[in-house]
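All remarks here apply to the structure that follows.
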Amino acid sequence: MRFFILLFSLLFLSSCYEKERNCSDFKTGTFEFEALSGTEVFKTTITRNDSIEVDFYQGKTDSSSIRWVNDCEYVLTKINPKNQAERKAILIKILTTSKDHYTFEFSEVGKVKSSKATAKRVKP
């Protein structure tokens, strides 16, 4: 019986723990993250202000508009999509933050499948 009370107490206390998220610290700035595509790792640099995000990837530049849903979530929409796939909006959710990193989850709007990555601040 004591075991169950102890187990319940631990589960209850651990469920109250919430990781710190200072998402507003990462709304603007320059960030880098690496993504895995197949067997290759690609580095992307992002420069973001309140309403525009510019991605620098493999020598190419791509711009997207930003619509903030709340302090920790925003939707990216390509400004000049080149094909149907690029017309799909991307939902970004900041999951955790630290001094100069944040972990985020991204997926197409309306899709369940998502991926995670960690971005590092290069410049504020």
Show every disulfide bond (SG atoms under 2.5 Å apart) that has at least one partner inside residues 70-124, sequence neighbours left out.
Cys23-Cys72
Selection residues 95-124 - residue pairs positive for disulfide bond (SG atoms under 2.5 Å apart), sequence neighbours left out
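Qualifying pairs, neighbours excluded: none.
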side-chain hydrogen bond (donor to acceptor under 3.5 Å, both in side chains) partners of [X], counting only residues at least two apart:
{"X": "Glu34", "result": "none"}
{"X": "Thr103", "result": "Thr96, Thr118"}
{"X": "Ser114", "result": "Glu105"}

Atom pair [atom1] ([X]) and [atom2] ([Y]), whose distance is rounded to the nearest 0.5 Å:
{"X": "Phe106", "Y": "Lys113", "atom1": "CZ", "atom2": "NZ", "answer": "10.5 Å"}
{"X": "Asn70", "Y": "Ser24", "atom1": "CG", "atom2": "OG", "answer": "11.5 Å"}
{"X": "Asp25", "Y": "Asp100", "atom1": "CG", "atom2": "CG", "answer": "11.5 Å"}

Is any side-chain heavy atom of [Y] closer than 4.5 Å to one of [X]?
{"X": "Ser65", "Y": "Thr77", "answer": "yes"}
{"X": "Asn49", "Y": "Ser51", "answer": "yes"}
{"X": "Val122", "Y": "Thr47", "answer": "no"}
{"X": "Lys116", "Y": "Leu95", "answer": "yes"}

Set of residues satisfying side chain to side chain contact (heavy atoms under 4.5 Å, CB included) with respect to [X], sequence neighbours excluded:
{"X": "Lys88", "value": "Glu108"}
{"X": "Val109", "value": "Val75, Ala89, Leu91"}
{"X": "Asn83", "value": "Ala85, Glu86"}
{"X": "Thr61", "value": "Val54, Phe56"}

For Ala119 and Phe31, work out which heavy atoms get closest and say how close.
CB-CB, 4.2 Å
Give me the atom names and distance for the closest heavy-atom approach of Ser64 to Leu76.
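In terms of heavy atoms, the two residues are closest at CB-CD2, 4.0 Å.
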Identify, with sequence neighbours excluded, every residue that meets salt bridge (Lys or Arg N to Asp or Glu O under 4.0 Å) alongside Lys120.
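Partners of Lys120 by the salt bridge (Lys or Arg N to Asp or Glu O under 4.0 Å) criterion come out as none, since no residue qualifies.
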Could you pull out all residues at least two apart from Glu32 that satisfy salt bridge (Lys or Arg N to Asp or Glu O under 4.0 Å)?
Lys43
Within the side chain of Arg121, is there an N or O that forms a donor-acceptor pair under 3.5 Å with the backbone of Lys99?
no
Say whether, by atom type as modelled, one donor and one acceptor occur between the side chain of Trp68 and the main chain of Asp50 under 3.5 angstrom.
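Confirmed, Trp68 side chain pairs with Asp50 backbone.
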Which pairs with one or both residues in residues 53-72 pass salt bridge (Lys or Arg N to Asp or Glu O under 4.0 Å), sequence neighbours excluded?
Lys27-Asp71, Arg48-Glu53, Asp62-Lys78
Dump the intermediate steps for side chain to side chain contact (heavy atoms under 4.5 Å, CB included) on Ile46 and Phe33, then the final yes or no.
CA-CA 8 Å; Ile46 299 168; Phe33 75 92; 3.3 Å; yes
May I ask you to check whether Phe26 and Phe104 place their ring centers less than 6.0 Å from one another?
no
Check this for me: Gln58, atom CD, are more than 12 non-hydrogen atoms of other residues, nucleotides or ligands nearer than 6.0 Å?
yes
